[in-house]
Every structure is written in structure tokens, then in C-alpha cells.
Amino acid sequence: MHKRASGFLLNFLATVAAISLVLSSCAFGQTATPASKPTLRTADGHPDFNGLWGPDRTFIYNIESTLKKGETLPLQPWAEKLTKERVSKDDPEANCLPAGVPRMAPYPWKILQQPKLVVFLFEGNIHTYRQIFMDGRGHPEDPDPTWYGHSIGKWDGDTLVVDTVGFNDKFWFDFAGHPHTEKLHVTERYRRPDYSHLEFEVVIDDPGAYTRPFTMYGHAPLLENSEIMEYICNENNQDVSHIVGKESRK
Amino acid sequence: MNAKLSPAVLFAPVLMAAIISASLLMPAPAFAHHSFEAEYDSNKPITISGVVTKFEWTNPHARFYVDVKDEQGNVINWNLELASPNALVHQGWKRTSLKVGDRVTVDAWLAKDGSRFANAKSVVLADGTKVGAASSGDTGKQ
């Protein structure tokens, strides 16, 4: 009797797990391949990140949800005050300005990987790109502050390490309005643990707005049978005049 | 009826239906470049029936406009937000899914500012097909 009961339980749990996998893979309405195949590699032996990837939604709403469980954002008092004061109609992204780094938008993005250059192509928001120089160059001495900064990359084993400085202070980290300053220094570590997934850790070091560096953790699913489409945000952006509230999601 | 089927297998369709129903009932933010809750009220779902006057297959959102007659017979034109074309394509939409003159029924969430602006959750198209329209909780054709 116990055996039959435990057999039923195992069958039941396996069924729940299988259904959950199917449903979660449909979350973006696209086909995410089950994690069965090994990581692809390029001719030079590095993991191959080429492909179309989905967004990590925790990098959209409130970046506090990307931290380790129980951790909170180490905001300086002025940055905490500003976060509370900001209202969503002023979010640059709502106004069709770039998401910046490491904010994500709910659209697919593509990695083009060459030995000396890695490019991220974003469908939105906005329809733009990041260049990550892998040719050994350093950062410029006094980079112009920009939305995506100046990125240089190198391999640490199977991990792509991207170091970025030279940001402007205009973009928000999320819908919640978390700020940063031009002192922002971002270190991203990307891995492809299997064929279907990217994992990344992002260290945010901004002594202008936060009391200590903190680490965000993210995942991106491989999107197959899909493509980036044209996304011209300014074409028909009617939302801003109707936005009256603020994101409160934790 | 095959008596050898395990109870879990027999129960699977019921469980699947329950999970899908639950996923459709979950609070569902749109695929959007802006905060959903800053613009729309998830506590104010509405159903709109009327005639399509315009369909814009554009970014950041596709939109369509529907003439709706109120109780006094006045015609009010509603502006309805959909997801981006990319997200819509993966839910079965095409730029020709709506045509001027189509009669449609739309489940949507009202804008917080009180205007005739709403975020479509699903649309019953002219051919009777119900299509998911915006929410990340939707799984496409229902």
C-alpha cells in the first residue's frame, strides 16, 4: 500500500514537473529548448554565446529581486529618496530612451560573437546595440558618458567577463526608478551552462549612489524558431501622457 | 478504459486544465516598455464590444481603436493597447488580424487616468477566435 501510494506520488510529481516545464517554456510565447544538449563551442574553444536570447524579467521591474534572497539594495540616503520620488512617466525607457546596463526590456536580444568583438543586439528598448571589445584594448582615459558605456571583455575559463565604465547617469535601473551616477562600474560574468541557457552575474559598483558593491543574478533562455523584429519605439508611443502612477512591485 | 493507466496519468488532463486556468487568472503585466501598474488598473477589468475603426501594427505597442455605443446611443471611440508586434506574432497575430469594420469583443484593463484608453488582455476576433493580446500570463490562442 505504501509502495503504491509512493508510486502515485512520484508519478504525480513527475507529471506536475513536466507540465510546469511546458508552461514555463511558453512564457515568452516562443520555443525554449529543454536543457538536454551540451554547450556549443566556437572554433577557438570558447563557449559559443551566438544566438537569440530572452529577457530575465527580474531585470525589468525592480532589481532588488535579482539579489540573493534576503539581501536589500545598499542605497545611499539620497538615492533612496530619489527612488521614492521618481514617477513612472519620467522613466527614460517609457519615453523611448535606452534601458542602459544591466536593465533588460521584455524583448529578445541577440549575441553576435567573434574572437575580438562581441555585440549584443537589442530589439528594444531601444532598437540598439552594445559593443564589447575583446581585442585587448583598455578603457579610454576619459570616456564620454554614454547610455551603454565603454565595454571591454575577456575570457576567464568558460566565463565571458565584461567590464564597463563611462556611463551617463540618465537611465534608470528598473521600473522602480533605482538610480546611479557617472561613477558606475559594471562587471558582468556570462556563462552558458548548457545549450539552452545563459547565466550571468552582474556586479554593480557605484560609490556615488550605493554604500557598497552588490551582485545581481540572472538567467536568459535560448529562443529558437524566432527572430529579432524591427522596433522603432518613437513610432507610436502614446503611453507617457496616460502614466499617472508608479511601479510598486518588489 | 485502460485499467493499467496510473492515477497520475489519468489525473494529468485535469491538473493541466487547473494549471492553465490558474495561469490565466494570474495578475498579468503587459509586454511593455513602461510600468503596467503605473498606467493601468488591474482591479478594473472591462469588456468592450464594438467595431474596429483603425489598427496600428506599430511599436512600442500595436493599437486598435473601437467604436462602442453607450446606453444613450452615443458612440465612443476606445484606444486599446496591445503588446509589441513581436510578442503578438508569437501569440498568433498578424498585421491583418484586425480590419476596419470588424466587430470584436475585448477583455481589457482600464487606464488609471480615466480616459478611453485600455490595455487589451484578449480579443475575440471577427471570426470568433479568441486571441491573447498583451499579458505575459497568456499562452496565446485560448
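Note that these values count all heavy atoms, side chains included, but never hydrogens, waters or copies made by symmetry. Chain naming here is simple, since letters A, B, ... match the order of the sequence lines and numbering starts at 1 in each.
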If one checks every heavy atom of A:Ser248 against chain B at 4.5 Å, the contacting part turns out to be both
So, the part of A:Asp239 with a heavy atom under 4.5 Å from chain B: the answer is both
Once you round to the nearest 0.5 Å, how far does [atom1] of [X] lie from [atom2] of [Y]?
| X | Y | atom1 | atom2 | value |
| --- | --- | --- | --- | --- |
| A:Ile243 | B:His34 | CD1 | NE2 | 5.5 Å |
| A:Gln238 | B:Thr58 | CD | OG1 | 7.5 Å |
| A:Asn236 | B:Arg63 | CG | CZ | 6.0 Å |
| B:Ser35 | A:Ile60 | OG | CD1 | 11.5 Å |

Under 4.5 Å to a heavy atom of chain A? For B:Ser115 that would be side chain
Any side-chain donor paired with an acceptor under 3.5 Å for A:His127 and B:Asn59? no
Applied to residues 85-99 of chain A, the side chain to side chain donor-acceptor pair (under 3.5 Å) test, sequence neighbours excluded, yields A:Lys81-A:Glu85, A:Asp91-A:Arg103, A:Glu93-A:Arg103
Over 12 foreign heavy atoms within 6.0 Å of NZ, A:Lys170:
no
Highest number of heavy-atom pairs under 4.5 Å with chain B among A:Met229, A:His242, A:Glu123 belongs to A:His242
Practice task
Please answer whether the main-chain N or O of A:Glu227 pairs with a side-chain N or O of B:Asn86 as donor and acceptor at a distance below 3.5 Å.
Solution key: yes
**Prompt:** Heavy atoms, side chains only, cut-off 4.5 Å: are A:Tyr107 and B:His33 in contact?
**Reply:** yes
Closest heavy-atom pair, A:Lys246 versus B:Ala38, reported as atoms and distance to 0.1 Å, is N-CB, 3.6 Å
